[in-house]
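First the proteins, then the strands, lettered A, B, ... as listed; each starts at 1. Note: hydrogens, waters and symmetry copies are ignored here, and every other heavy atom, side chains too, is used.
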Amino acid sequence: MRGIWRRGVDVAAFGLGFMLVRVALPVPLYRVFDYRLAPGQVAVVGARVRVPFGRRALVGVVVALPEPGAAYAAREDLRVVSDVLDAVPLLSAALLRLLQWTADYYHYPFGEVIATALPGLLRGGAPALFPPVVFFQLTAAGLGADLAALRRAPRQQAVLQVLQQVPGGLAADDARLLALGNWRGAMQGLVQRGWVVRERRERTQDTSATRQDASATSATLPVLNADQAQAVATVQGQAGHRVYVLEGVTGSGKTEVYLSLMAATLAQERQCLVLVPEIALTPQLLARFRARLPVAMTVLHSGLSEKVRLQGWLAARSGQARVIIGTRSAVFVPWAQPGLIVVDEEHDASLKQHEGLRYHARDLAVLRGYREDVPVVLGSATPSLESLANVAKGAYQCVRLPRRAGGARLPSVRVVDMRRQWHDEGLSVSVLDAISAHLEAGGQVLLFLNRRGFAPALVCEGCGWSAQCPQCDAHLTWHQRAGLLCCHHCGTRSAPVRVCPGCQGRLRPRGEGTQRIEAALARHFPDAPLVRIDRDSTQGREAFEQVFAAIHAQQYRILIGTQMLAKGHDFPGVSLAVILGVDQGLFSTDFRAQERLAQVITQVAGRAGRAERPGEVLIQTFHPEHPFLRTLLQSGYAVVSQDLLEQRRLAGLPPFAAFALIRAEARDSALGEQFLAAVRAYLLPDAQGVAVLGPVPAPMQRRAGWFRAHLLLHAPSRSVLQRLLRARVCEFDALPLARQVRWSVDIDPVDMG
DNA sequence: AGCACGCCGACT
DNA sequence: GTCGGCGTGCTC
């Protein structure tokens, strides 16, 4: 045997042509595949390989090097690796183990888990190198050129000036160029003068995604108040892995605590990974970090171009990016020097992926922190019941910031009883009066309603008919601005119906969406500039940024919006927050509805009165006596969440039990349930301790033309549940009807719909 | 998932 | 007589 062995058994090299690699491929199959290496090929665990698979070629990742041993004789038929794409592991052994665990826990094919963890370009086989970039460099003539000669071409002058400061040349995506705005025309002019040459260059390090802010040349450490200092000391007092729940009321300065912990981590030459629930939260967090930490940072989320995403991913992997800010998929990003994981807004349901590999980024962050022995900080003003239960168990440690920073007071919260007063288009007199008082006092007013459109239904006055989605079991939402009926479940849009098709009666919008509230407010307060912020009004990220800048500049006095408005943003000028549409949350059948309602009320309420001005919060409801609302208002989230936890414990619901939801959908109404009946029959003989409930039609049975059904598995613990599912989910495909339905397994489902 | 093979209806 | 429907079988 003439194999080359480096790093123990991690390297397979040609010897007598019998080296094997075990490859995970991006196919929905619960297994891996063995291949032979051709003479001369070398592959390491974690490297990508291109292999023949059936009639096609696929890119997979080497996950093990099986010993040929005595079994080799039987394996001469193995196919041969076509290409080894990485000379060094693209994915470390530690990351592969995390991905393997993810595949096992969420019952998803390993190869597909790996594929979701890789940037698209790497998945497709692109080299793991920073993409070449266009460089601009001065010629000798350009170096000696006189700036004054360009007096009549100020843009060229500006570009030349920048280039003369950087003799090595500048990349087209360099911050110093981007800062000039529209520089391309001017650069072209300089190229034509013969002062600049344009060339493509390979690069070994990222020059854009990880760019560090030139202004933050030294760490400006935050000045912490006593609570913050205590929080930081608690986390720093213990080495290695621990999970901390940083429970900080809105305005208490959680970000300052993150910054402090990050600065200490960076000082130890380690990297920081910060996860946020939404893309929209990354720019402001990045800006705050950049202003304070003088290190290269990168952002990773699905809104980036493939090239930029690859750069960021590689920068994290190489250690060039010292801070990585990302949405949930960033939990899988490789890093060279693990240091600290922060999960911001850890209660947010967006951290759970709701299709494909249905992982929870917070839960995986905790596991990853454990595996890599780094602290994990879960931050929220309204921690999830899961995290609070872990605190109660002693598994996580709670660190509190109970006061607003800067001495700001918490807002006063009042319930407005809708039954006792006149209201207009969903706005009560009390609310209208309060808005007018706050506007007069110079404050901004924020109204929250988690429903887009003008009205959630269009109903006939005569016979009660209402416009229904042809694809879903749902009302169409009336969008007055666009003049369209829209389905919020499948995206169908249709021209409005003018009269009732049954009785020719008049149609009326029923209920309120943000557009209707906007229209009513515009009528009541014609002089107050108003802005609506929801998915319909604020498309694209720059639109979002611009609107927020305008709000900060007090260009708007009234803000009306959906959760887009409620998540994590600071509005220092807002003195009144009004929360509308809480009632459906009070009586929802979803066992998480009250937790979510408590979180959203607390989060929106936190938007009011952040500075010296005391804020006011109004909650409009037809059920002011509801015990949940009373407790929330009298005692706050901390008490309500403990109440809800106790209810969950008594009812045997998560986090005191483990759920898995098996979903199936088909074009034919009965197939999904029939398939799930087969799943049930398959599981039942070994389901001791696990309640198999259903199959039942999903709460909204038809959606986008698919009939949906569920099977709910309810176990006293995750391990009991996993014991049943292990080695069984991978057999579901062999059950009758499996090929005629779309099925999926959702472990720890967040959305039970 | 792809991509083949294989056996029954309406078309040049 | 073929083109083509999607059932089912396999992928190292």
Side-chain angles (χ1 to χ4, degrees), chain A residues 9 12-39 41-85 96 99-100 102-103 106-118 120 122-125 353 355-359 662-672 674-675 678-679 682 705-707 729-746:
Chain A
V9 292
F14 82 99
L16 300 170
F18 56 78
M19 296 307 295
L20 305 183
V21 286
R22 185 153 292 165
V23 181
L25 292 166
V27 287
L29 301 171
Y30 292 89
R31 45 167 311 187
V32 289
F33 297 87
D34 289 345
Y35 287 85
R36 222 151 26 92
L37 284 173
Q41 280 182 329
V42 180
V44 294
V45 169
R48 288 169 305 155
V49 286
R50 197 187 302 276
V51 294
F53 189 70
R55 306 263 161 145
R56 56 209 168 119
L58 293 177
V59 174
V61 171
V62 177
V63 295
L65 303 174
E67 284 278 3
Y72 175 66
R75 314 196 69 171
E76 261 169 16
D77 56 332
L78 290 182
R79 296 180 80 177
V80 178
V81 170
S82 337
D83 282 302
V84 178
L85 300 174
L96 276 176
L99 295 170
Q100 176 75 68
T102 303
Y106 291 105
H107 302 279
Y108 209 70
F110 189 23
E112 299 215 287
V113 171
I114 292 175
T116 60
L118 287 176
L122 294 178
R123 221 182 300 148
Q353 175 103 33
E355 58 185 35
L357 169 60
R358 296 167 185 262
Y359 64 97
I662 304 174
R663 306 161 195 268
E665 53 183 38
R667 306 316 292 227
D668 188 291
S669 67
L671 284 183
Q674 284 170 17
F675 168 74
V679 171
Y682 176 58
W706 291 79
F707 290 88
V729 173
C730 55
E731 305 291 336
F732 286 0
D733 263 322
L735 292 171
L737 298 176
R739 302 260 337 220
Q740 284 150 75
V741 305
R742 301 201 304 212
W743 63 268
S744 63
V745 176
D746 191 351

Atom [atom1] of [X] and atom [atom2] of [N]: how far apart are they, to the nearest Å?
X: A/Glu112; N: B/dA1; atom1: CD; atom2: P; answer: 8 Å
X: A/Leu737; N: C/dT8; atom1: CG; atom2: C1'; answer: 14 Å
X: A/Tyr30; N: C/dT11; atom1: OH; atom2: C1'; answer: 17 Å
X: A/Leu25; N: C/dC10; atom1: CG; atom2: P; answer: 18 Å
X: A/Gln740; N: C/dG9; atom1: CD; atom2: C1'; answer: 15 Å
X: A/Asp668; N: C/dC6; atom1: CG; atom2: P; answer: 15 Å
X: A/Arg79; N: C/dC10; atom1: CZ; atom2: P; answer: 16 Å
X: A/Tyr35; N: C/dT11; atom1: OH; atom2: P; answer: 10 Å

### Query
For the side chain of A/Arg22 and the base of C/dC12, is some donor closer than 3.5 Å to an acceptor across the two?
no
Set out, line by line, the N/O atom pairs under 3.5 Å between protein and nucleotides 2-5 of chain B.
none

#### Entry: Counterpart residues, salt bridge (charged side-chain N to carboxylate O under 4.0 Å, His left out), relative to A/Arg358 (two or more places apart)
A/Asp746
Can you give each donor-acceptor pair under 3.5 Å made by side-chain atoms of residues 731-742 of chain A, sequence neighbours left out, with the distance rounded to 0.1 Å?
residue, atom, partner, partner atom, Å
A/Asp733, OD1, A/Trp743, NE1, 3.4
A/Arg742, NE, A/Glu665, OE2, 3.1
A/Arg742, NH2, A/Glu665, OE2, 2.5

Using ring-ring contact (aromatic ring centres under 6.0 Å, His included) as the criterion, list what pairs up with [X], not counting sequence neighbours.
X: A/Phe53; answer: A/Phe33
X: A/Phe707; answer: none
X: A/Tyr359; answer: A/Phe332

### Query
Counting any heavy atom closer than 4.0 Å, what does A/Phe53 reach on the DNA or RNA strands: base, sugar-phosphate only, or nothing?
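Contact class for A/Phe53: base.
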### Query
Taking the side chain from A/Arg48 and the backbone from A/Val59, do they hold a donor-acceptor pair closer than 3.5 Å?
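Not a single qualifying donor-acceptor pair exists.
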